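Following: one structure in structure tokens, then a few remarks.
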Amino acid sequence: QAPLVESGGGLVQTGGSLRLSCTASGRTFSYYAMGWFRQAPGKEREFVVGISWSGGNTVYADSVKGRFTISRDNAKNTVDLQMSSLKPEDTAVYYCAAQNIPGVRSIATIASEYRYWGQGTQVTVSS
């Protein structure tokens, strides 16, 4: 089983909202910076948003700023992604990931800096 499990994906109309959740399976990621990536058909996986292990710092891709909000609950070992004002170009498989090394203060924006991944959840935004 993947160390991270995403849920909450689905089909939504343009302008709608979805909330994705990422739950750790079998281990804790409380001291890891976490990120959400997405991959649309025929495109490379791209960074969406990241959050520091404490939750005090976040980094958003320009394409989602003001529309998406990441949060985490270390007691529950979960990371959530609230997505609003969704657009058709947000359609993709969304992946949750944990960075390579725990306790790192910086938030990486490239996939190779993330070691642990979920299997992804499909988000489809209809026009």
Side-chain angles (χ1 to χ4, degrees):
Q1 186 176 2
L4 297 166
V5 180
E6 303 93 340
S7 62
L11 174 64
V12 64
Q13 291 185 336
T14 296
S17 300
L18 279 176
R19 187 176 184 88
L20 306 183
S21 290
C22 172
T23 303
S25 175
R27 63 178 296 162
T28 180
F29 289 97
S30 299
Y31 295 102
Y32 288 77
M34 303 290 292
W36 285 94
F37 287 74
R38 66 187 181 187
Q39 187 166 18
K43 295 187 177 181
E44 294 188 355
R45 192 168 297 189
E46 65 172 356
F47 174 80
V48 177
V49 59
I51 187 167
S52 62
W53 68 266
S54 67
N57 295 310
T58 55
V59 175
Y60 290 86
D62 288 343
S63 59
V64 305
K65 280 181 181 177
R67 300 189 299 121
F68 290 12
T69 302
I70 189 172
S71 60
R72 69 186 298 163
D73 185 336
N74 286 339
K76 296 181 179 179
N77 230 1
T78 59
V79 178
D80 290 347
L81 180 62
Q82 178 66 48
M83 305 185 295
S84 303
S85 302
L86 284 162
K87 306 174 181 179
E89 50 263 45
D90 294 318
T91 295
V93 177
Y94 283 70
Y95 297 91
C96 175
Q99 281 191 211
N100 291 339
I101 302 172
V104 175
R105 296 185 63 182
S106 61
I107 299 170
T109 60
I110 57 175
S112 61
E113 293 295 321
Y114 289 78
R115 178 179 179 181
Y116 305 95
W117 292 83
Q119 294 183 332
T121 185
Q122 176 70 47
V123 171
T124 302
V125 185
S126 62
S127 57

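What you are looking at is a predicted structure, and each value in this text was computed from that prediction instead of being measured.
Separating the CG atom in Asn100 from the OG atom in Ser112 is a distance of 7.5 Å, to the nearest 0.5 Å. Here the straight-line distance linking atom CZ of Arg38 with atom CD of Gln122 works out to 12.0 Å at 0.5 Å rounding. With values rounded to the nearest 0.5 angstrom, Gln99 atom CD is found 12.0 Å from Ile51 atom CD1. To the nearest 0.5 angstrom, Met83 atom CE is 10.5 Å from Arg19 atom CZ. To the nearest 0.5 angstrom, Thr124 atom OG1 is 6.0 Å from Leu11 atom CG. One distance of note links CG of Leu81 with CG of Leu18; it measures 9.5 Å at 0.5 Å rounding.
Under the 4.5 Å side-chain contact rule for hydrophobic residues, Phe47 and Leu20 do not share a cluster. Cluster annotation: Val48 is not connected to Val93 through the hydrophobic network of ILVMFWY side chains, with a link wherever side-chain heavy atoms come within less than 4.5 Å. When hydrophobic clusters are built by joining Ile, Leu, Val, Met, Phe, Trp and Tyr residues whose side-chain heavy atoms come closer than 4.5 Å, directly or via intermediates, Ile70 is grouped together with Val64. Tyr95 is not connected to Val5 by any chain of hydrophobic side-chain contacts under 4.5 Å among Ile, Leu, Val, Met, Phe, Trp and Tyr, and they are in different clusters. Note on Val125 and Val49: same hydrophobic cluster, where clusters join Ile, Leu, Val, Met, Phe, Trp and Tyr whose side-chain heavy atoms are under 4.5 Å apart, directly or indirectly.
Heavy atoms of other residues, nucleotides or ligands lying less than 6.0 angstrom from CD of Gln82 number more than 12.
Not a single donor-acceptor pair under 3.5 Å links the side chain of Arg105 to the backbone N or O of Ser52. Arg67 contributes a side-chain N or O that, together with a main-chain N or O of Ser85, makes up a donor-acceptor pair within less than 3.5 Å. Under the 3.5 Å distance criterion, the side-chain polar atoms of Asn77 are left unmatched by any main-chain donor or acceptor of Thr23. Using a distance-only test at 3.5 Å, with no hydrogens or angles considered, a donor-acceptor pair links the side chain of Asn74 to the main chain of Trp53. Judged purely by atom type and a 3.5 angstrom limit, Glu6 has no side-chain atom pairing as donor or acceptor with the backbone of Thr121. Gln13 contributes no side-chain N or O that, together with a main-chain N or O of Ser126, makes up a donor-acceptor pair within less than 3.5 Å.
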Evaluate the side chain to side chain contact (heavy atoms under 4.5 Å, CB included) criterion for residues Glu113 and Ile101: first the C-alpha distance (whole Å), next the side-chain angles of each, then the deciding distance (0.1 Å), finally the verdict. CA-CA 9 Å; Glu113 293 295 321; Ile101 302 172; over 6 Å; no
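Here the shortest heavy-atom pairing between Pro88 and Ser127 reads CG-CB, 3.9 Å. In terms of heavy-atom proximity, Ala24 sits nearest to Phe29 at CB-CD1, 3.5 Å. Between Ala111 and Trp117 the shortest heavy-atom distance is O-CZ2, 3.6 Å. The minimum heavy-atom distance linking Ser21 with Asp80 is given by the pair OG-OD1, 2.9 Å. Across every non-hydrogen atom of Ala2 and Gln119, the tightest pair is CB-CG, 3.9 Å. Trp36 approaches Cys22 most closely through the heavy-atom pair CZ2-CB, 3.6 Å.
Listed by chain and number, the residues in a side chain to side chain donor-acceptor pair (under 3.5 Å) with Lys43 amount to none (sequence neighbours excluded).
Tyr114 and Phe37 have their aromatic ring centers within a separation under 6.0 angstrom.
The aromatic rings of Phe68 and Tyr94 sit tilted relative to each other, their planes meeting at an angle between 30° and 60°.
A salt bridge links Asp62 to Lys65: at least one charged side-chain nitrogen sits closer than 4.0 Å to a carboxylate oxygen.
Side-chain contact annotation: Tyr32 with Arg115, donor-acceptor N/O pair under 3.5 Å absent.
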